[in-house]
Amino acid sequence: MEFRSSVETGLKPVSTTGDNFMFNPHSLLFDFDGVLCYDRFYRATLEKIYPEVYAWIQENIFGDRQELVGQWMRGKINSAEINHIIAKNTAINGALLERLFVKSVRLMKIDQELRDYIAGLKKRVGKIGLVTDNMDVFSKITVKNHSLNKLFDVIINSADYGYLKKDQKGKLFDIALAKMGEEINNTLLVDDSLKVTNLYQDKGGKAFLYQNFQDFRWFLDNALQGPYITTSI
């Protein structure tokens, strides 16, 4: 069962079926990019000082095809190899680019309001996990930089396992749930991807399609008061 935001329904987040249902999640899974973080690699250190390099990266690394991004997030290539490709195709020095890249990752900001809310949820639910399609630097830098290992009981990064959330029928979620000791039907996934939320529902879980903190907080605060939420469209 997927829950849509007020942007889509004109109402508060509600069940797509319009039925009454029993729902009080025991454990939660969160996405990172598009939920907890909206920032981007290279932006803080390149966008203003090296705009041509930044533009090349956006078009050729993170553009429509995203072949390199897919390999990067599956751990097939690493950040050093990506930066070598960028330096080779632009005028920037490779060593300088590497330093600026690492600095940009450390400067990435997360949604502090949501982070604080998640911290408060630790007293209200069983366990809280993070499953993200991400790069090697997420595990090497971002987790420690934002103390995510203290916020989440389990952290699963696609680059560490070799496949994305949608690969192998959502195997990353199976890994996360096993580490949490949780059954999928007792969990709620919070993700900004419709394809991923649909996949999670097909596997037997529940999902909230995230678009903003206010709608999510309204929904979950009501859900945790359970055991029933009455919804109608």
Side-chain angles (χ1 to χ4, degrees), residues 29-47 49-50 53-54 56-58 60-63 66-90 92-112 114-116 118-119 122 127-168 170-180 190-193 196:
L29 287 173
F30 285 86
D31 182 23
F32 185 74
D33 182 56
V35 176
L36 195 55
C37 180
Y38 293 90
D39 217 338
R40 292 289 177 263
F41 295 159
Y42 303 101
R43 177 183 290 168
T45 53
L46 291 183
E47 187 174 23
I49 303 175
Y50 298 95
V53 177
Y54 185 76
W56 190 94
I57 293 170
Q58 298 312 303
N60 295 279
I61 304 296
F62 298 106
Q66 293 196 348
E67 293 178 4
L68 287 173
V69 171
Q71 294 181 53
W72 197 2
M73 291 194 297
R74 289 182 175 91
K76 305 302 181 185
I77 55 178
N78 60 36
S79 298
E81 291 171 306
I82 289 289
N83 284 326
H84 176 75
I85 292 171
I86 295 170
K88 185 177 179 179
N89 287 275
T90 64
I92 194 167
N93 174 268
L96 173 61
L97 176 63
E98 183 67 25
R99 291 195 299 272
L100 293 175
F101 168 69
V102 170
K103 183 177 180 180
S104 77
V105 175
R106 295 189 185 281
L107 289 173
M108 288 176 68
K109 298 178 180 179
I110 63 174
D111 185 330
Q112 191 62 44
L114 178 57
R115 191 193 193 287
D116 292 344
I118 293 173
K122 294 178 74 69
K127 291 186 177 180
I128 305 176
L130 178 72
V131 181
T132 177
D133 287 341
N134 224 300
M135 290 75 168
D136 51 345
V137 290
F138 179 83
S139 297
K140 293 177 180 178
I141 297 176
T142 306
V143 170
K144 183 178 180 180
N145 196 45
H146 293 289
S147 300
L148 296 180
N149 56 323
K150 297 180 180 179
L151 185 64
F152 296 101
D153 298 296
V154 170
I155 297 176
I156 303 295
N157 175 14
S158 63
D160 296 331
Y161 291 88
Y163 34 83
L164 305 182
K165 286 184 281 188
K166 293 181 289 184
D167 294 347
Q168 299 191 32
K171 188 174 180 179
L172 283 183
F173 294 118
D174 299 334
I175 294 171
L177 293 170
K179 288 180 177 290
M180 295 168 71
V190 182
D191 200 293
D192 70 324
S193 167
V196 171

With a 4.5 Å cut-off on side-chain heavy atoms, are [Y] and [X] touching?
X: L130; Y: V143; value: no
X: D33; Y: R40; value: yes
X: L29; Y: M180; value: yes
X: F173; Y: V196; value: yes
X: L36; Y: F30; value: no
X: I85; Y: L68; value: yes
X: L96; Y: L100; value: yes
X: M135; Y: V69; value: yes

To the nearest 0.5 Å, what is the distance between [atom1] ([X]) and [atom2] ([Y])?
X: I61; Y: E67; atom1: CD1; atom2: CD; answer: 11.0 Å
X: T132; Y: M73; atom1: OG1; atom2: CE; answer: 8.5 Å
X: N134; Y: D160; atom1: CG; atom2: CG; answer: 9.5 Å
X: I156; Y: K179; atom1: CD1; atom2: NZ; answer: 5.5 Å
X: E47; Y: I49; atom1: CD; atom2: CD1; answer: 11.0 Å
X: F32; Y: Y38; atom1: CZ; atom2: OH; answer: 11.5 Å

Using 30° and 60° as the class limits, which term best fits the ring planes of F41 and F101: parallel, tilted or perpendicular?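 Rings of F41 and F101: perpendicular, over 60°.
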Heavy-atom closest contact ([X] atom, [Y] atom, distance):
X: A87; Y: G94; answer: CB-CA, 3.8 Å
X: L97; Y: Y42; answer: CD1-CE2, 4.0 Å
X: K109; Y: C37; answer: O-SG, 3.3 Å
X: K76; Y: E81; answer: O-OE1, 4.5 Å
X: Y161; Y: Y163; answer: O-CE2, 3.3 Å
X: A159; Y: D136; answer: CB-N, 3.8 Å

Quick one: does any side-chain atom of N83 pair with a main-chain N or O of S79 as donor and acceptor, under 3.5 Å?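 Judged by distance alone, yes, a pair lies under 3.5 Å.
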Is the backbone N or O of S158 less than 3.5 Å from a side-chain atom of D133, with the two atoms forming a donor-acceptor pair by type?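 No.
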With side-chain contact (heavy atoms from CB on, under 4.5 Å) as the test, would you mind laying out the steps for K103 and R106 before giving the verdict? CA-CA 5 Å; K103 183 177 180 180; R106 295 189 185 281; 5.7 Å; no
Just do the side-chain contact (heavy atoms from CB on, under 4.5 Å) check on R74 and D167 with the steps written out, would you? CA-CA 10 Å; R74 289 182 175 91; D167 294 347; 2.9 Å; yes
Test side-chain contact (heavy atoms from CB on, under 4.5 Å) on R43 and L107; report intermediate values, then the result. CA-CA 9 Å; R43 177 183 290 168; L107 289 173; over 6 Å; no
Other residues, nucleotides and ligands only: do more than 12 of their heavy atoms fall within 6.0 Å of NZ on K166?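 Check fails, neighbour count at 12 or below.
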Kindly indicate, with the supporting measurements, whether the criterion side-chain contact (heavy atoms from CB on, under 4.5 Å) is fulfilled by I128 and L151. CA-CA 8 Å; I128 305 176; L151 185 64; over 6 Å; no
